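These notes are about the structure you will find just below.
Because the structure is predicted, anything quoted here is derived from the model rather than measured. In the text below, chain A, chain B and the rest are named by the order of the sequence lines, each starting its count at 1.
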Amino acid sequence: MNKHRILEHPVLGKLANQKEMTFTFDGKKYIGYEGDTIASALLANGIRKLRVHEETGTPRGIYCNIGHCFECRVTVDGKPGVRACLTEINRNMVIESGKQHSTPFKPTDNEVDLPRTYSEFENIYKEEKEG
Amino acid sequence: MDKVIICRCEEVDLEEIKETISKYQCSAREIKLRTRAGMGYCGGRTCRPALNAIVAEISGEKLRHEIPLKIQPPIRPVSLGKIGG
Amino acid sequence: MYDVLIIGAGPAGLSAAIACREWNLSVLVIDEFPKPGGRLLGQLHEEPDGKWWNGIEEAKILLEKAKQLNTEIRCSISAHHIEKNDHGFNVYTNEGVFEADNLLIATGAAETPAPLPGWTLPGVMSIGAAQVMTNVHRVRVGNKGIVVGVNVLSVAIAREMQLAGIDLQCMALPALNPVTADYGNPVKVMEGLLRIAHLAPSAAIRFGSSFLKGDGAKDLAVKFFPKSGVKMWGMPIHLRKAVTRINGKNQVESVTICDISAKGEIIPGSEKTVEVDFVCIAGGLYPLAELAAVIGCPFQYIEELGGHIPVHNEQMETPVEGLFVAGNITGIESGKVARAQGTLAGLSIANRVIGTDGQLENQIQQAKMNVKTIRENATIQFHPGIEKGRNQMEETFYNILHG
């Protein structure tokens, strides 16, 4: 767990006497330090991928680390949409990564191509009109 | 490079935004409505300056004083229960 | 019901809270981050006099003072909407609605992106994200990385990462696209570098800052910029190399880097792959003024200040009655300026609440002078035209009020 910690620092000094805390991420147990955010505790354990894009499934991790971008959102003790970068870990916290949704509104290969935006709608409409 | 994603939340790429701008000569707001760029989970906080820059470059117009992509509440995602109070 | 609610517990918000508490106002400070201190928390740089500016210590000093004055500071609270009512404001948050007669928005700045193919991969983060991870959480963002985007902020943070023992391959520019037109242009980037030349202890970057005053000289400097980059604290800074894409399947595995012309155009056939496990993207900062916008405060676009700024006067007052702003929301400057602005805003608010016979006038004048002095002596300047931008804002405020 300390492999990725900055334990010694020439100006900020030593990182010592940290209290350990166990939590789970996607069912696996990890140890973080008290005061860690979910994002920092997971990164300290070498974990970068926190969710996948709900529609496309592309992997995502922390981006801004201060709550602006919402890229690091995870599910915490059953509550979805929690920013990993702003939420401190608790003992026995249960964290789940964000998963890809089966999206009935989005076109997939074998489904009807429903428009996602107004311009898509326009294109489909035009194509149909032009036959 | 045209396939570079500009809006991370909605995965809208530069090509789609450029094409929409040249087709409709549109503002950042209209791009948002047509492509969903800037309309995702983060509320446009991440891509807003990028969208403004793309519109400015293609239209050749300088940024005006009013904010191009109107900011609307809630500026953080809120559950309906919370809004209802 | 509070006399004043302050959004943002950074240098501006905390200093304002202290000033208000010294005049015995009822104050609530809220912040989204679990710890107070704002972006002071990550800052760590050596000043030209050899002393360290340690943001964590500076935040501690402010917090200690705020504590002595029994200031209520609540973290992990996000404001999502504000309404103006007939006597003040309703502030809607994840912890309920707060009411206050006066409101100070000190929400700082957000980062401007420099989008590149592959920048959504885990392992790609903004330069500010790396700063917080390194200095606040004390976690290494990776084993070997690259900083894309060369500016005042990214050079300072690259140095901080280096201090923490993180291996940075180099700093390079982002490949040109409509969004990166400025940060991908070597001449424009050179202008920025010259403004921080005095901070480089190795003198390497000062290689010609004395003869680089004219525009022509700048172009020449870019043209003859060493192929291997110049080294600042032993780390190569490239102005003639750009990252064209970030590669990886589930996370960052490498970047593709190319040689570029003095104008930023990619030189065909110069493509190279560099293995890295993290990438820091540095576009720059823009004032984060969303909450001022939802209240209906007028805005002014001022490039020198970093973007769209809520209109305000020298006392940090906006045209919306009872609404004040301080810190980076008023223009991108250093934390020291933000701190001084916070004190000034706090005094202005106290003046509105209690000051009838001008008892705060002297203090306000002094605080105003202090902001100016600190601005003039700033070691890190984000934009050379800051003073011009500030003057433009003053004029705008006057025109709005006196039509």
Seminar exercise, completed: CD1 of C:Ile56 to CG of A:Leu12, rounded to nearest 0.5 Å, is 5.0 Å

Problem set entry | Partner set under side chain to side chain contact (heavy atoms under 4.5 Å, CB included) for C:Leu168, not counting sequence neighbours | C:Val147, C:Ala158, C:Met161, C:Met235, C:Phe278

Hey, can you dump all donor-acceptor pairs under 3.5 Å between chain A and chain C, distances included?
| residue | atom | partner | partner atom | Å |
| --- | --- | --- | --- | --- |
| A:His4 | O | C:Arg140 | N | 2.6 |
| A:Arg5 | O | C:Arg140 | NH2 | 3.1 |
| A:Ile6 | N | C:Arg138 | O | 2.9 |
| A:Ile6 | O | C:Arg138 | NE | 3.0 |
| A:Ile6 | O | C:Arg138 | NH2 | 3.2 |
| A:Leu7 | O | C:Arg138 | NH2 | 3.4 |
| A:Gly13 | O | C:Arg138 | NH2 | 2.6 |
| A:Gly35 | O | C:Lys35 | NZ | 3.3 |
| A:Arg48 | NE | C:Asp277 | O | 3.4 |
| A:Arg48 | NH1 | C:Val141 | O | 3.0 |
| A:Arg48 | NH2 | C:Val141 | O | 2.6 |
| A:Arg48 | NH2 | C:Asp277 | O | 3.2 |
| A:Lys49 | NZ | C:Asn250 | OD1 | 3.4 |
| A:Tyr63 | O | C:Ser126 | N | 2.9 |
| A:Tyr63 | O | C:Ser126 | OG | 3.3 |
| A:Asn65 | ND2 | C:Ala129 | O | 3.1 |
| A:Arg83 | NH1 | C:Glu32 | OE2 | 2.8 |
| A:Arg83 | NH2 | C:Glu32 | OE2 | 3.1 |
| A:Arg83 | NH2 | C:Ser78 | OG | 3.1 |

For this session: With a 4.5 angstrom heavy-atom cut-off, could you sort out which part of A:Cys85 is near chain C: side chain, backbone, both or neither?
Result: backbone

Exercise. For chain A, which of C:Val252, C:Leu121, C:Val141 has the most heavy-atom pairs under 4.5 Å?
Worked result: C:Val141

For this session: Please look at A:Leu7 and chain C and tell me whether the side chain, the backbone, both or neither of the residue comes under 4.5 angstrom of a heavy atom of that chain.
Result: backbone

For this session: Examine whether an atom of C:Val136 lies under 4.5 Å from a heavy atom of chain A, and if so say whether it belongs to the side chain, the backbone or both; otherwise answer neither.
Result: neither

Exercise. Do you know the tightest heavy-atom contact between C:Leu163 and A:Pro10?
Worked result: O-CD, 3.3 Å

For this session: Mind checking side chain to side chain contact (heavy atoms under 4.5 Å, CB included) for C:Ala338 and listing every partner two or more places apart, or none if nothing turns up?
Result: C:Pro11, C:Ala12

For this session: Write down the atom of A:Pro59, the atom of C:Pro122, and the distance for their closest heavy-atom approach.
Result: O-CD, 3.3 Å

